[in-house]
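Report on the following structure.
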Amino acid sequence: MVREWKRGCQIAVNTAWGNCHTRSEVQKLAYDVLRERTDLGSQHAVLATHRAAEAIKGVLDRNDGTTENADKPTFTSPTVVYDTRTMTLFDDRAVSLTTTEERVHCDLVFPDGSYLTQYLNDDRWEAAKSNLCYRDGQFDLHLGFRAERPEIGASDEVESSENDATVLGVALGVENVAVTSTARFFSGEKLDHRHREFSELRTALHETDTRSALRTLRQAGDKNDNFARDTLHTVAGGIVEEAEKHGCSVIAFGELEAVRELLPEADEFHAWAFERLFDFVAYRAEEHGITVAQVNPEYTSQRCTSCGFTHPQNRDAERTHFECLKCGNEANDHYNAAKNVGFRCIRRGPLSSRGVGAKYCALGSGRVTPDGDFVPNEELAEVQKP
Ligand SMILES: [Zn+2]
């Protein structure tokens with residue numbers, strides 16, 4: 001099983017290298033190859049394509065968004081990924097695992113005083129992606145657990161338990177492609193710079209309408225596109241990471257079209273980038289049981305989060321600094337907007353189809369209601385301790 005897994009991951013990387021790196025793309029490209037050339041079952045073939053996608057993505061992240069001149073990942077460590085379709089945990093502390101041959105059923109042996117047993121006995125936690133490692137003639141299973149979320153759109157119980165959810169507000173822009181209500185800034189500078197370079201090249205090449213100019217343009221276009229996608233994937237990963245870190249069940253954005261109209265410096269490219277970013281976040285958030293929402297972004301940049309006073313001149317001419325004309329509250333302009341996006345999501349009430357209602361907006365230092373009731377992180381940590 002271990003040998004076939006390593007082989008499968010390698011074949012998937014070899015197939016996808018230089019072509020694609022998202023899970024769905026690699027799976028589409030390599031799944032049939034794995035089924036044909038390895039003994040992996042269908043679900044492990046899927047997991048191996050995903051493992052390959054992560055490995056390629058890792059290279060892109062470290063290598064400026066390109067696979068050129070980078071070493072292709074190799075799979076040497078004797079570790080196999082399991083998920084709930086290839087692994088079953090039983091109440092009597094046994095586990096059954098899919099292999100290339102028969103399903104293997106074995107008892108779990110916990111280290112003395114293991115903290116893991118508390119998750120096994122707690123209905124609020126469910127088994128998640130886990131790793132089987134082979135070392136010195138022994139198998140170790142690194143069990144993953146995740147907090148189970150209530151079924152979406154179900155009973156009253158769901159309504160009440162998810163009505164005090166925490167939301168992460170996200171403001172989109174050009175200078176910063178995204179800023180969260182927890183004050184994490186994702187610079188849009190590189191993205192914007194690369195795009196402007198490409199636009200200039202396009203203008204220059206359009207004047208020389210030769211075949212080779214068109215080819216150069218197409219190649220530069222692909223490269224620009226890949227760079228933008230990789231950057232946006234990284235930003236999306238950071239946003240979801242921030243939501244996880246602060247216990248958010250909802251990530252709120254402004255409605256994309258309206259956001260773009262409110263940003264005079266945004267063009268077609270930014271409209272495209274906002275849509276991609278939203279899709280990437282939505283895709284990743286789903287894996288973590290987090291809902292994404294879009295709220296009306298009007299006045300989110302002009303409103304004071306402290307006293308509610310809304311005025312265009314609360315912002316300076318460069319629109320980088322916010323200072324309330326009424327109460328004097330000062331903040332970074334984008335950060336102020338991100339908080340307002342979060343507050344608007346709370347004020348709007350439960351997201352009808354999902355049954356998730358946010359009560360708090362996540363800040364870097366804690367969480368706060370739109371009325372200013374603040375709970376610092378230290379107290380939240382107390383509550384969450386077992
Ligand atoms: Zn104010």
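In listed order, ligands and their atoms are each counted from 1.
- The distance cut-off of 2.8 Å around the Zn ion (ligand 1) captures these protein N, O or S atoms, sorted by chain and number: Cys304 SG, Cys307 SG, Cys324 SG, Cys327 SG.
- Not counting sequence neighbours, Glu286 has no partner by the side chain to side chain contact (heavy atoms under 4.5 Å, CB included) test.
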Verdict with supporting geometry, Leu191 and Leu232, side chain to side chain contact (heavy atoms under 4.5 Å, CB included)
CA-CA 9 Å; Leu191 206 60; Leu232 294 167; 4.0 Å; yes
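- Every pair tested for ring-ring contact (aromatic ring centres under 6.0 Å, His included) that includes a residue from residues 319-349 fails, sequence neighbours excluded, so the list is empty.
- For residues 34-53, the ring-ring contact (aromatic ring centres under 6.0 Å, His included) pairs, not counting sequence neighbours, are Trp5-His44, His44-Tyr82.
- In summary, the side chains of His21 and Asp230 do present a donor paired with an acceptor at a separation below 3.5 Å, with no hydrogens or angles considered.
- Each of Val281, Thr182, Thr234 was compared with Ile239 under the side chain to side chain contact (heavy atoms under 4.5 Å, CB included) criterion, and only Val281 meets it.
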